[in-house]
Structures are given as C-alpha cells and as structure tokens.
Participant: 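The structure under discussion is supplied below as structure tokens; questions concerning it will follow.
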Number of protein chains: 2
Amino acid sequence: MLDIVRQDTDENPSGADRVFTFFRDRLLSGELKAGDRLLGERELALTLGVSRPVLREALRSLAMLGLLDIRHGRGAYVRSADASVLGQALTLCLAPEPNILDDVLQARIAIECQAIRLACLRASERDLQAIAALLDTLVDSLNDPETGGGADYAFHLAIVRASGSSALMKIYEAISPLLMRSHVERRRDTFREPAITSGLVEAHRQVFLALAQRDPDEAERRLRAHFAIGDELRRKNLISTYQGQGKAS
Amino acid sequence: MLDIVRQDTDENPSGADRVFTFFRDRLLSGELKAGDRLLGERELALTLGVSRPVLREALRSLAMLGLLDIRHGRGAYVRSADASVLGQALTLCLAPEPNILDDVLQARIAIECQAIRLACLRASERDLQAIAALLDTLVDSLNDPETGGGADYAFHLAIVRASGSSALMKIYEAISPLLMRSHVERRRDTFREPAITSGLVEAHRQVFLALAQRDPDEAERRLRAHFAIGDELRRKNLISTYQGQGKAS
DNA sequence: CTGTCTAAAGTGGTCAGACCACGGACTGAC
DNA sequence: GTCAGTCCGTGGTCTGACCACTTTAGACAG
C-alpha cells in the first residue's frame with residue numbers, strides 16, 4: 001500500500017516564497033545586478049500576480065539578506081551580497097556556543113594559513129609591495145594601539161587578499177568584525193612592553209620574509225608561530241587575572 | 001554653518017525592522033530557544049504595537065534566515081540556525097565569482113587542515129575509533145561510487161568534528177553541499193582504476209595514522225598530500241578532455 | 001533666462017477589515 | 001472504539017485607505 005505522506009510546504013510554496021525565489025534566482029544568475037532598480041511595489045505586485053503586502057514580505061526578506069536596499073520614497077535597489085551577510089549567518093549559527101571568540105580564532109587561523117600558502121604561489125609583486133608597506137605601518141604605529149591594531153589587521157587582510165581566493169577572502173571578512181577587538185586590545189595590553197612588542201614585530205617580519213621567498217611551508221610555520229605569541233599572551237593575562245583575585249581575597 | 005545631513009534609515013527603523021531586531025536579539029541571547037512557539041500573529045501584532053502585515057514581514061524574514069519555522073494553521077516555531085543558512089549566505093556571496101567550486105575547495109582545505117591539527121590534540125579515543133570505522137567503510141565501498149563518496153565525506157567530517165571546534169564544523173557543513181558532487185564524481189572517475197584507488201586508500205590511511213599518533217604537522221602534511229591526489233586527477237581529466245576534443249576536430 | 005518655491009505625482013510604510021486555506025480538537029453517530 | 005463532520009484557532013492573502021518621504025514639474029519673481 002502506498003503510504004500517503006504529508007505534503008511538504010515546499011510543494012505548495014506561499015506567494016511570498018514564490019516571489020522570493022523569483023528574485024533570488026535572478027540575483028544568483030546575474031540577470032539582476034547591483035545597482036538595478038526594481039519596479040515600484042504596486043506595479044511589481046500586479047506583474048507578479050500577488051498582493052502588495054505579500055510582495056513586501058518577499059522584498060523585506062531579500063533586504064534582510066542584504067540583497068536589496070529598500071529606500072523610502074525612492075525605490076528598491078539591488079545590492080550584491082557582501083561578507084556581512086556571511087558574518088551575520090555565522091553569528092546566528094554560533095550564538096548558542098560558549099567561547100565563541102576563541103573558536104572563531106581557529107577559523108581565522110585556518111583561513112590565514114591556507115591563504116598564505118596560496119599567496120606564496122599567486123601573489124603579484126604589487127601584492128608583496130603592499131604587504132611590505134603595511135608591515136612598515138605596523139612598525140610605525142607601535143605606540144598607538146588603535147592605529148597599530150588597524151595596521152595589524154590590514155597586514156593580515158592583505159595576505160588573504162593576495163591568495164586570490166574569493167571564498168577565503170569572504171570568510172575572512174565575515175570573521176574579522178568578531179575578532180577586531182582582539183587586534184586592538186592586544187596592542188593595548190602590550191604596547192608598553194618592548195620585549196613583547198619587538199617579538200611581535202619580528203614575528204610579522206618573518207611571516208613576510210617567508211611569503212616574499214614564496215615558501216609555503218615556511219610561511220605557514222611562521223604564521224603559526226605568530227599566532228602562538230598571542231596564545232602565550234592570553235595565558236599570561238589569565239594567570240595575572242587570577243593572581244590579582246587571589247590578592248583581593 | 002552646520003551641514004544638514006540626510007537621516008540614515010537606521011535612525012528611524014521601520015516597524016518591520018524593529019520587530020525583526022526584537023526577535024533576533026532574543027534568539028541570540030537564548031531567551032527564545034529552538035522549539036519555542038510564538039504567540040499567534042494577531043495577538044503578537046497587538047502586543048508589539050504593529051499591524052499584522054508588518055509583523056508578517058519581520059517573521060517572514062526570520063523564517064528565510066532559518067530562524068523560524070512558520071507552519072500554516074499551526075503557528076510559528078523557533079529553530080536554531082544551522083549550517084544551511086551559512087551555506088546560503090556563502091552561495092549568495094560567491095555567486096558572481098567564476099570557478100566557485102575550485103575556490104570553495106580552498107576553503108575546505110583550510111578548514112580541514114586546521115581541524116586535523118586540533119583533532120590531534122583534542123580527539124577522544126571514541127573519536128578515533130569512529131574515524132577508523134569510517135576508514136573501513138571507505139575501503140569496503142571501493143566498487144560503489146555513491147556509497148564510497150558518502151564514506152569519503154563522512155571520514156573527513158568526523159575529523160573536523162574531532163577538532164571540537166564549532167566554528168570549523170559549521171563552516172565545513174556550510175561548504176560541503178557545494179562540494180559533495182566532487183566526492184561522488186571522483187569515485188565514479190576512479191573506481192575502475194585500481195592504481196588510483198589504492199593510492200587514495202593509502203592516502204586516507206596515512207592521514208588516519210598521523211592523527212592516531214597525534215602528530216599535527218604530519219597529519220596536516222598527509223592531508224595535503226591526499227588533496228594533491230585530487231589535483232592530479234583533475235589535471236589528468238582536463239588533459240584527456242582536451243585530447244578528446246583534438247581528435248574530434 | 002535663471003533660480004526658488006510649492007504642489008502634485010510617485011514611491012515606500014502602515015493600518016483595518018474581510019475572506020480563504022490549513023491543522024487539530026471535539027462531538028456525535030454507528 | 002472508530003470515523004466523519006464541524007468548529008475553532010492559526011497562518012495566507014487581498015483590498016482599500018491613509019501616512020511619510022522623495023522627486024518632478026510648473027508657476028512666479030528677479
């Protein structure tokens with residue numbers, strides 16, 4: 001006997017679902033491009049055979065995904081999805097997890113290590129010069145945690161960019177806002193400690209040299225060593241935090 | 001003279017935006033949990049002080065992000081965001097790029113190499129036994145591309161799981177549907193070539209041995225060697241494809 | 001002719017009320 | 001106890017009206 005299974009809601013898509021799919025497909029195929037302006041809601045609803053509130057449901061969903069920019073009084077414009085939608089999705093996925101930042105750091109290490117390997121093979125001379133300039137900026141801003149943190153991030157971002165991989169770049173950009181604080185805070189914690197600062201600078205320099213020599217294994221090794229310095233700092237911070245508590249009690 | 005700047009729309013959030021934020025914040029904070037059922041639309045709209053279509057705009061947006069499951073006649077239920085929303089976001093981000101699959105493979109390599117390093121440090125004995133069993137399954141299904149492809153994927157997924165990193169796991173799960181075809185197709189291309197098949201099996205075995213010996217550098221090296229076999233296959237396929245065309249013309 | 005101001009038109013944002021479609025619970029008949 | 005029908009609560013959709021913002025066109029003054 002044939003089992004009568006419940007119809008999945010996808011078999012009878014709602015009006016809003018149909019409109020959403022209509023636009024998403026055209027966005028994915030490139031038929032609709034960033035900057036394109038959609039017809040007005042009233043005309044569009046008529047054309048697509050739905051009521052205006054139903055159309056608005058679909059358009060609002062697309063807007064929340066960063067695919068449309070809806071402007072009051074002006075119209076709805078197509079946007080290209082950027083890394084922020086990916087970052088939002090990642091935040092939503094990881095929200096229930098404890099120690100998100102430490103875990104996201106693992107993803108950052110993963111992306112950067114693969115990126116620097118690819119960069120050793122693919123980076124142009126211009127890429128290398130840009131990264132060298134950012135290394136200089138990093139050195140020049142040792143006494144300014146905000147600028148230094150920004151230069152630190154830019155140095156790493158330029159390496160990922162030099163990989164020539166959009167996937168790696170998008171994921172990195174999605175992750176970075178979550179981790180941006182750590183760049184700046186580490187600078188705040190360390191910029192008055194010359195031994196640590198020079199160690200960090202030297203680590204960055206070694207990373208760049210291995211990249212410039214286009215040695216993937218060495219570049220990854222140096223990059224991992226650079227991250228290990230951060231691990232050491234976090235451990236020392238934990239120790240001093242708990243010793244501080246011991247004294248208080 | 002004070003320049004009169006245009007008010008950003010974020011300063012005057014629309015009703016739907018406010019409702020969306022209301023729910024997203026409660027989902028992120030854990031105040032709303034998977035399985036929770038929302039009040040009915042009419043009551044909810046009254047409670048939040050918006051009309052029903054406005055509420056529906058917000059709820060629909062949350063549903064499209066995978067955060068709600070709206071059931072006709074039954075109500076709206078909270079879902080926890082899973083990797084599919086991340087995968088959708090990634091697809092949207094990368095849609096304009098050429099050679100998406102090759103590029104996403106780089107992200108896969110990045111994730112797996114970091115994951116296996118972590119797994120060397122963190123995997124339980126149970127993890128290792130599960131991975132060993134999946135290696136056996138992989139070996140046993142050499143003559144069946146579908147099962148073999150699935151076993152291949154499961155082997156790799158178990159390694160990522162053994163890393164104990166949610167971020168790596170979520171990204172890997174987001175990426176995998178895009179790459180699932182390559183697991184199965186490679187099996188189709190190779191399962192009748194014993195030299196290649198035994199090479200693949202040996203590569204997987206070496207990966208597992210390094211992991212069981214908890215040697216992060218060796219495990220990563222073996223894993224990269226395993227991926228290099230895939231590179232070689234893809235290159236040979238390209239050569240034979242173009243040689244085939246040469247004969248036709 | 002040019003610049004300014006105002007009104008109208010076009011656009012999105014919202015509301016209220018009515019009706020349709022689905023799912024589940026309850027009741028009555030067999 | 002089972003089955004069918006009805007009712008209720010829920011989501012899905014539509015229509016029409018009105019509000020808020022932006023742009024355009026026309027009138028008027030210098």
Side-chain angles (χ1 to χ4, degrees), chain A residues 1 3-24 32 35-79, chain B residues 1 3-24 27 32 34-79:
Chain A
M1 174 166 173
D3 197 14
I4 307 295
V5 299
R6 168 183 291 129
Q7 289 281 3
D8 194 290
T9 52
D10 286 351
E11 302 275 9
N12 290 301
S14 65
D17 283 340
R18 281 187 286 107
V19 173
F20 181 88
T21 301
F22 174 88
F23 280 111
R24 194 196 56 194
L32 284 176
D36 289 353
R37 184 179 174 284
L38 303 189
L39 298 177
E41 289 179 357
R42 291 170 179 87
E43 189 176 356
L44 208 41
L46 263 181
T47 304
L48 296 175
V50 294
S51 67
R52 205 170 137 223
V54 169
L55 177 84
R56 291 179 56 84
E57 283 183 36
L59 295 188
R60 178 71 61 179
S61 301
L62 292 163
M64 289 300 177
L65 284 168
L67 300 178
L68 289 185
D69 188 14
I70 303 178
R71 292 286 177 161
H72 189 170
R74 298 174 58 179
Y77 298 84
V78 177
R79 290 171 58 179
Chain B
M1 177 166 169
D3 198 13
I4 307 296
V5 298
R6 170 183 287 125
Q7 290 280 2
D8 193 289
T9 52
D10 287 352
E11 301 275 8
N12 290 301
S14 65
D17 283 339
R18 282 188 285 106
V19 173
F20 180 87
T21 300
F22 175 87
F23 281 110
R24 193 195 58 193
L27 290 163
L32 284 175
D36 288 353
R37 184 179 173 287
L38 302 190
L39 298 177
E41 288 179 356
R42 291 170 180 89
E43 189 175 356
L44 207 43
L46 265 181
T47 303
L48 296 176
V50 294
S51 67
R52 206 172 135 220
V54 169
L55 177 84
R56 292 180 54 84
E57 284 183 35
L59 296 188
R60 178 71 61 179
S61 300
L62 292 162
M64 290 299 177
L65 283 169
L67 299 178
L68 290 185
D69 188 14
I70 302 177
R71 291 285 175 164
H72 189 170
R74 297 174 60 181
Y77 298 83
V78 177
R79 290 170 58 178

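Remember, it's a predicted structure, so these values are computed and weren't measured experimentally. Proteins come first, then strands; the chains are lettered A, B, ... in the order of their sequence lines, and each starts at number 1.
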Participant: Would you say the side chain of L48(B) lies within less than 4.5 Å of the side chain of F22(B), judging by non-hydrogen atoms?
Facilitator: yes
Participant: Passes side-chain contact (heavy atoms from CB on, under 4.5 Å), E57(B) versus S14(B)? Steps please.
Facilitator: CA-CA 11 Å; E57(B) 284 183 35; S14(B) 65; over 6 Å; no
Participant: Which residues pass the side-chain hydrogen bond (donor to acceptor under 3.5 Å, both in side chains) test with R18(A), sequence neighbours left out?
Facilitator: none
Participant: Would you say that L55(B) contacts F20(B) through its side chain, given a criterion of any heavy-atom pair below 4.5 Å between the two side chains?
Facilitator: no
Participant: Using only modelled atom types and a 3.5 angstrom limit, is any donor from either the side chain of R52(A) or the base of dG13(C) paired with an acceptor on the other?
Facilitator: yes
Participant: Rounded to the nearest 0.5 Å, what's the gap from CD1 on I70(B) to CG on L59(B)? Could you check?
Facilitator: 5.5 Å
Participant: Starting from C1' on dC14(D), measure out to CD on E57(B) and report it in whole angstrom.
Facilitator: 15 Å
Participant: Provide, to the nearest angstrom, the distance between the NE2 atom belonging to H72(A) and the P atom belonging to dC21(D).
Facilitator: 6 Å
Participant: When the distance from CZ of R56(A) to C1' of dT13(D) is rounded to whole Å, what number comes out?
Facilitator: 15 Å
Participant: Whole-Å distance between dG12(D) P and R74(B) CZ?
Facilitator: 12 Å
Participant: Does R56(A) use its side chain to pair, donor to acceptor, with the backbone of S51(A) at less than 3.5 Å?
Facilitator: no
Participant: Per the end-axis method with five pairs at each terminus, what is the bend angle of the helix from dC1(C)-dG30(D) to dC30(C)-dG1(D), to 10°?
Facilitator: 10°
Participant: Only one of V78(B), L44(B), L68(B), L67(B) passes side chain to side chain contact (heavy atoms under 4.5 Å, CB included) with F23(B); say which it is.
Facilitator: L44(B)
Participant: Figure out the CD/C1' separation between E41(B) and dC14(D), and round it to whole Å.
Facilitator: 14 Å
Participant: Here's a test of your reading of the structure: between V54(B) and R42(B), which maps to the more 5' nucleotide of DNA chain C?
Facilitator: V54(B)
Participant: Reading DNA chain D from 5' onward, which residue's closest nucleotide shows up sooner: G73(A) or G15(A)?
Facilitator: G15(A)
Participant: Is there a side-chain polar atom (N or O) of S51(A) under 4.0 Å from OP1 or OP2 of dT13(D)?
Facilitator: no
Participant: Rounded to whole Å, please give me the gap between CZ in R71(A) and C1' in dT22(D).
Facilitator: 12 Å
Participant: Rounded off to whole Å, could you give me the CG-to-P distance for the L55(A) and dC14(D) pair?
Facilitator: 10 Å
Participant: Which whole-number value in Å describes the distance from D17(B) CG to dG12(C) P?
Facilitator: 15 Å
